[in-house]
Enquirer: 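Below you'll find the structure I mean.
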Amino acid sequence: MTAKKIRTRLAPSPTGDPHVGTAYQALFGYVWAKKNNGSFILRIEDTDKERSTPESERAIVDSLKWLGLEWDEGPEIGGTYGPYRQSERLEIYHEYINRLVAEGHAYPCFCSRERLAEVRNERQKAGASSGYDRKCRDIPPEEATKRVEAGEEFTVRMKVPLEGTCVFEDLLRGEIEKDWASIDDQVIMKADGFPTYHLAVVVDDHLMKISHIIRGEEWINSVPKHVLLYEFFGWEPPVFCHLPLLRNKDKSKLSKRKNPVSIDWYRKTGILPEALLNYLGMMGWHLSDDREKFSLHEMIDNFRLEDISLGGPVFDLDKLLWLNGRYIREDFSTDDLLDRLVEWGLNREHFEKILDICKGRMSCLSDWGDMTNHFFNNNISLSKDELLIKNRDETEICEILQMILWELEKLDRFTKESIYLLFKEFSEKLDIKLKYLTQPLYIAISGKAVSTPLFDTMEILGSDISRMRIRSAMEELGNLSGKKLKKLEKKYNSLFADI
RNA sequence: GACCCCAUCGUCUAGAGGUUAGGACACUGGCCUUUCACGCCGGCAACACGGGUUCGAUCCCCGUUGGGGUCGCCA
């Protein structure tokens, strides 16, 4: 028997900052491919027209390159099975969608979003395990065709069996069973003509000859839909391997609200890519001699997918920092380290940005050191007293910081202008003078009451570092109790409801 | 709520029927040292619970509990 060529892929959707979870999946997929002299493919899953952006794609590509996880095929570099951006593969998907409809495995659905929301609501209340009532499933094909041709808006749904059980194999967990009755007639083509993830992923993985799907556990529940599509098309499904999810301290899925999750944050904080990769490698996997520091090469040489352990690992920044320190101490000459440092933050481009906002308040060159240390120092020290402003106690300041944090999370572009607008609006809504609002922020962001302009500083530091610092300040103030947090969330939602 | 997944120190993990349950981070005691850090030596600390199977269960099976995930024209 000739072994099938091992081909793995990373399939991120370009809808935000590059996420460490993406890096985690990339690492395991990459290592598995390299271990087997296979190929690692990057495919951009930009089927969400609303949220996908080219900037995000670039950021993801950049951060993967920074990590040193290079792909063999992908957008820009191409490959035999391209294009590697799903938005450029629309005709391909249509061909397969049409085929499913023609063969009676899929059907147009004319239900409005409003109706679907209603139905979903009712069914959920009634305890039904699926959200759609399959209203359009039985429309006679001729009638459906007529309605489509008449220009009525529609989506396409796949016909999921009404009864029976889907059994599939996960490499790490063995057989998994799920009743078909618990699965919706999944939409495979949206009203805008774009495929949904489920259709696109199956078609592409097949066409791109992917041998192993290595991705996060959150996908397990949709595997039956995928398996069904493979069956409809008469294709052999690849091996499914669902990685455990990286977790916050409270064990929930790693999230922006509770942790820095952007690869960019780690980069800007001064984590070395080799240390981050190493650390990610020890989440759920280990070397047989239990050595904790290992290179990507060592990981490749010793890696076996089946050795991955399944408990969701908590992402522990302290341990990452310890590991990073070992790299700095053990692997760098002073000369090499200097190069790294320059590359990281001591370069002209970065200095220029900072100098630009310092110049006006410098009286001698050595002011530089004190004035800018918050750009190079991750552990800025803050005192509780300084965070407290005019007649407000810890709780009040905490509440303000928390609401600002929530607001900042919603910002898509982290520029000084957008941050300023956000604060301005915030101060109006809460009826607090802007300068009182920004006062504790100066301390939180720079550690100093007198410092470089707040919004410029935040822009240079970036969203993740800024938010992390605000969180640290809140910790210094004693944080909010669960109860108070809930109350605050209500108040916040009423004040800042978007719709 | 329904369904799916998971379960060893606070955290990352080793263990694959018989171990004083091992290592690492964190915490901590000491040594080294002009301070700190590093390094070295030590300490604290875990098999969720209940039934089976077995001469014997952390390990196998079942249940309970706990945690997580999914229930979108988002991925």
Enquirer: For the side chain of A:Arg157, starting at C-beta, report the closest nucleotide among B:C74, B:U11, B:C73.
Expert: B:C73
Enquirer: Using a 4.0 Å heavy-atom cut-off across all strands, classify A:Arg329 as base, sugar-phosphate, or nothing.
Expert: sugar-phosphate
Enquirer: Does B:G1 pair with anything, Watson-Crick or G-U wobble, both distances under 3.5 Å, and if so, with which nucleotide?
Expert: B:C71
Enquirer: Tell me what A:Arg291 touches on the nucleic acid: a base, only sugar-phosphate, or nothing, going by heavy atoms under 4.0 Å.
Expert: nothing
Enquirer: From the options B:G69, B:C73, B:A26, select the nucleotide whose nearest atom is closest to the side chain of A:Arg113.
Expert: B:C73
Enquirer: Let me know, please, whether A:Leu320 or A:Lys249 comes out on the 5' side of the other along RNA chain B by nearest nucleotide.
Expert: A:Lys249
Enquirer: B:C73 and B:A16: how far apart are their P atoms, nearest whole angstrom?
Expert: 48 Å
Enquirer: What contact category does A:Thr155 fall into here, base, sugar-phosphate, or nothing, at under 4.0 angstrom with non-hydrogen atoms?
Expert: base
Enquirer: Nearest of B:G72, B:A75, B:C12 to any side-chain atom of A:Glu45?
Expert: B:A75
Enquirer: Salt bridge (charged side-chain N to carboxylate O under 4.0 Å, His left out) for A:Lys293 and A:Glu274? Distances and angles first, verdict last.
Expert: CA-CA 10 Å; A:Lys293 186 172 167 230; A:Glu274 50 270 56; over 6 Å; no
Enquirer: Who is the Watson-Crick or G-U wobble partner of B:U65, with both distances under 3.5 Å?
Expert: B:A7
Enquirer: Just name whichever nucleotide pairs with B:A57, Watson-Crick or G-U, keeping both distances under 3.5 Å, else none.
Expert: none
Enquirer: Counting Watson-Crick and G-U wobble pairs only, both distances under 3.5 Å, name the nucleotide matched with B:A21, or none.
Expert: none
Enquirer: As a test of reading the structure: which of B:C12, B:C73, B:A24 is closest to the side chain of A:Met283, going by heavy atoms?
Expert: B:C12
Enquirer: Measure from the side chain of A:Asn221, starting at C-beta and using heavy atoms only, and say which of B:C4, B:C73, B:G67 lies closest.
Expert: B:C4
Enquirer: Between the base of B:G22 and the side chain of A:Asp290, is there a donor and acceptor pair under 3.5 angstrom?
Expert: yes
Enquirer: Give one of base, sugar-phosphate or nothing for A:Glu50, where a contact means two heavy atoms less than 4.0 Å apart.
Expert: nothing
Enquirer: Heavy atoms only, 4.0 Å cut-off, all strands: where does A:Cys111 land among base, sugar-phosphate and nothing?
Expert: base
Enquirer: Relative to each other, are the rings of A:Trp285 and A:Phe294 parallel, tilted or perpendicular (30° and 60° limits)?
Expert: perpendicular
Enquirer: So A:Ser288, base contact, sugar-phosphate only, or nothing? Heavy-atom distance under 4.0 Å.
Expert: nothing
Enquirer: Using the C1' atom as the reference point in each nucleotide, state the distance between B:C36 and B:U58 in Å, no decimals.
Expert: 42 Å
Enquirer: Looking only at side chains, do A:Tyr93 and A:Asp204 share a donor and an acceptor under 3.5 Å apart?
Expert: yes
Enquirer: Within the 4.0 Å heavy-atom criterion, would you say A:Gly284 contacts the bases, only the backbone, or no part of the nucleic acid?
Expert: sugar-phosphate
Enquirer: From the options B:C25, B:U70, B:C4, select the nucleotide whose nearest atom is closest to the side chain of A:Lys178.
Expert: B:C4
Enquirer: Across the strands shown, which category fits A:Leu321 at heavy-atom distances under 4.0 angstrom: base, sugar-phosphate, nothing?
Expert: nothing
Enquirer: How do A:Ile220 and A:Trp285 order along RNA chain B: which one's closest nucleotide is nearer the 5' end?
Expert: A:Ile220
Enquirer: Counting only distance, no hydrogens or angles, is the base of B:A26 paired donor-acceptor with the side chain of A:Lys319 under 3.5 Å?
Expert: no
Enquirer: Can you tell which of B:U70, B:C4, B:A24 lies closest to the side chain of A:Glu218?
Expert: B:U70
Enquirer: Hey, what's the ring geometry for A:Phe232 with A:His105, parallel, tilted or perpendicular (30° and 60° as the breaks)?
Expert: parallel
Enquirer: Does B:U33 have a Watson-Crick or wobble mate here (both distances under 3.5 Å), and if so which one?
Expert: none
Enquirer: Select one nucleotide: of B:C25, B:U13, B:G72, the one nearest the side-chain heavy atoms of A:Pro313.
Expert: B:U13
Enquirer: Parallel under 30°, tilted from 30 to 60°, perpendicular over 60°: which one fits the rings of A:Tyr230 and A:Trp235?
Expert: perpendicular
Enquirer: Counting only Watson-Crick or G-U wobble pairs whose two distances fall under 3.5 Å, which nucleotide matches B:A45?
Expert: none
Enquirer: For A:Phe303 and A:Phe28, I'd like to know if the aromatic rings sit close, meaning centre-to-centre distance below 6.0 Å.
Expert: yes
Enquirer: Please round to the nearest 0.5 Å and tell me the distance separating atom NZ of A:Lys448 and atom CG of A:Asp370.
Expert: 5.0 Å
Enquirer: Looking at B:C25, B:C6, B:G69, which one has an atom nearest to any side-chain atom of A:Arg173?
Expert: B:C6
Enquirer: Using the side-chain heavy atoms of A:Lys251, tell me which of these nucleotides is nearest: B:U13, B:C12, B:A75.
Expert: B:C12
